[in-house]
There are 2 protein chains.
Amino acid sequence: MVQESIRILHTQGYKATEPRKLVLEVLEEIEKPLSPYDIQEVLRAKGKYLNHVTIYRILDLLCSLNLAHKMLSGGGFVKCSLDPVEGCHRFMVCQDCGAIQEFADEGLCQRENEFARNHGFHTEHHLSEFSGLCSRCHK
Amino acid sequence: MVQESIRILHTQGYKATEPRKLVLEVLEEIEKPLSPYDIQEVLRAKGKYLNHVTIYRILDLLCSLNLAHKMLSGGGFVKCSLDPVEGCHRFMVCQDCGAIQEFADEGLCQRENEFARNHGFHTEHHLSEFSGLCSRCHK
DNA sequence: AAGCTAAGTGCAATATTATTGCATTTATCT
DNA sequence: AGATAAATGCAATAATATTGCACTTAGCTT
């Protein structure tokens, strides 16, 4: 929910400006990875305008608050749909329709931490991305 | 080993050209994510020159053969050190020294496939990246 | 409700990264 | 060694990203 992101912006001392709301709305609506210029394009089609510099800065901020995420492959941005978690981002991406779905799995985190520890590595952040076919496209 | 990558190039019908060897050597030597221009810089320091277009094309090819991988975060390229596996790339990256280490974990794949299946998603590729501290930097 | 002020945005300029078509070179096969 | 398809370099251009500064606005304060 955009409303929830706005709340978090406020509690962190950031303003809930019109441009920020617009970017959040676009990401929430499209649910696919979008580049800064993609976002600008979507807005233009709605008769709105944001300078690309502004979009870059907003995405930086959202990512720093874990409200958005820059996708592993492709590099587009998506809105995080789960409670923001520092340093753990997991997504499934449909290679057909491009739809993304965020997920979390505590067991997976534990298993990964353990695996890393066994190799002398001290894990702080987990990123993972599965690509494949979503239920709609797989049949 | 660069030699092994060259063998794979041959078996796939690609030439083992000087530029390709150079890029493979740089990636193997540095063991950190490098952008195309980073690679050009490293080569320049060794008195070699490759056009950036060439480097882009070589990296595209290497990635398509799973001999290299474009990192999830940061976007740099690394040489894959394990047997090339279609669609499964896992790395640990030290956030201190930048060193990367590829790994594989069959159990993790299974667990991830199962998790996805339970959510109606049919997984084909897995990417994951842990960032944290390697054994040298963690103490 | 109007005014204040720090935070945020837009703009212009510039830097960095990536792509394309074509002429030239080179690895591999005969 | 020579033929030839594949690969590279070059020049031009496109796309993406960053910076400093002037102007605007959200959310206080009264």
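Since the model is a prediction, treat every value here as computed from it, not as a measurement. Labels below follow one simple rule: chain letters A, B, ... track the order of the sequence lines, proteins then strands, and each chain is numbered from 1.
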Notebook entry, point to check: Tell me: CD1 of B:Ile58 to P of C:dA27, nearest whole Å?
Noted result: 12 Å

Notebook entry, point to check: Among residues 11-19 of chain B, which residues get a heavy atom nearer than 4.0 Å to DNA chain D?
Noted result: B:Tyr14, B:Lys15, B:Thr17, B:Pro19

Item checked: Min side-chain heavy-atom separation B:Leu65-B:Pro84 under 4.5 Å -> no

Checklist line | For atom CG of A:Leu50 and atom P of D:dT24, their distance in whole Å | finding: 17 Å

Item checked: Value in whole Å for how far the C1' atom of C:dT9 lies from CG of A:Leu59 -> 14 Å

Checklist line | Aromatic ring proximity A:Phe91/A:His69, centre distance under 6.0 Å | finding: yes

Next item on the list: Quick one: do B:Lys32 and B:Asp38 satisfy salt bridge (Lys or Arg N to Asp or Glu O under 4.0 Å)? Show the steps, please.
Entry: CA-CA 11 Å; B:Lys32 294 175 189 175; B:Asp38 290 339; over 6 Å; no

Next item on the list: Pick out which of A:Glu29, A:Arg20, A:Arg7, A:Glu25 makes a side-chain contact (heavy atoms from CB on, under 4.5 Å) with A:Val2.
Entry: A:Glu25

Next item on the list: Give a yes or no on whether the ring-centroid distance for B:Phe130 and A:Phe115 is below 6.0 angstrom.
Entry: no

Check: What residues form a salt bridge (charged side-chain N to carboxylate O under 4.0 Å, His left out) with B:Glu102, not counting sequence neighbours?
Finding: none

Output a table of nitrogen or oxygen pairs between the protein and nucleotides 17-24 of chain C separated by less than 3.5 Å.
residue : atom : partner : partner atom : Å
C:dA18  : OP2  : B:Tyr56 : OH           : 2.4
C:dA18  : O5'  : B:Tyr56 : OH           : 3.0
C:dA18  : N7   : B:Tyr37 : OH           : 3.3
C:dT19  : O4   : B:His52 : NE2          : 3.0

Check: Is there a salt bridge (Lys or Arg N to Asp or Glu O under 4.0 Å) between B:Glu114 and B:Arg117 once you walk through the steps?
Finding: CA-CA 5 Å; B:Glu114 189 183 320; B:Arg117 200 172 335 112; 5.8 Å; no

Margin query: For a quick check under 3.5 Å, do A:His89 and A:Asn66 share a side-chain donor-acceptor pair by atom type?
Written below: yes

Checklist line | Atom pair distance, as rounded to whole Å: CG in A:Leu43 and P in C:dG10 | finding: 11 Å

Item checked: Polar contact flag, side-chain donor to acceptor under 3.5 angstrom, A:Gln40-A:His52 -> no

Next item on the list: Grab the CG-C1' distance between B:Asn51 and C:dT25 for me, whole Å please.
Entry: 14 Å

Notebook entry, point to check: Taking NE2 from A:His10 and C1' from D:dC28, how many angstroms apart are they, rounded to a whole number?
Noted result: 12 Å

Item checked: Rounded distance (Å) that lies between atom P of C:dT26 and atom NZ of B:Lys21 -> 13 Å

Next item on the list: Rounded off to whole Å, could you give me the CD1-to-C1' distance for the A:Ile6 and D:dA26 pair?
Entry: 12 Å

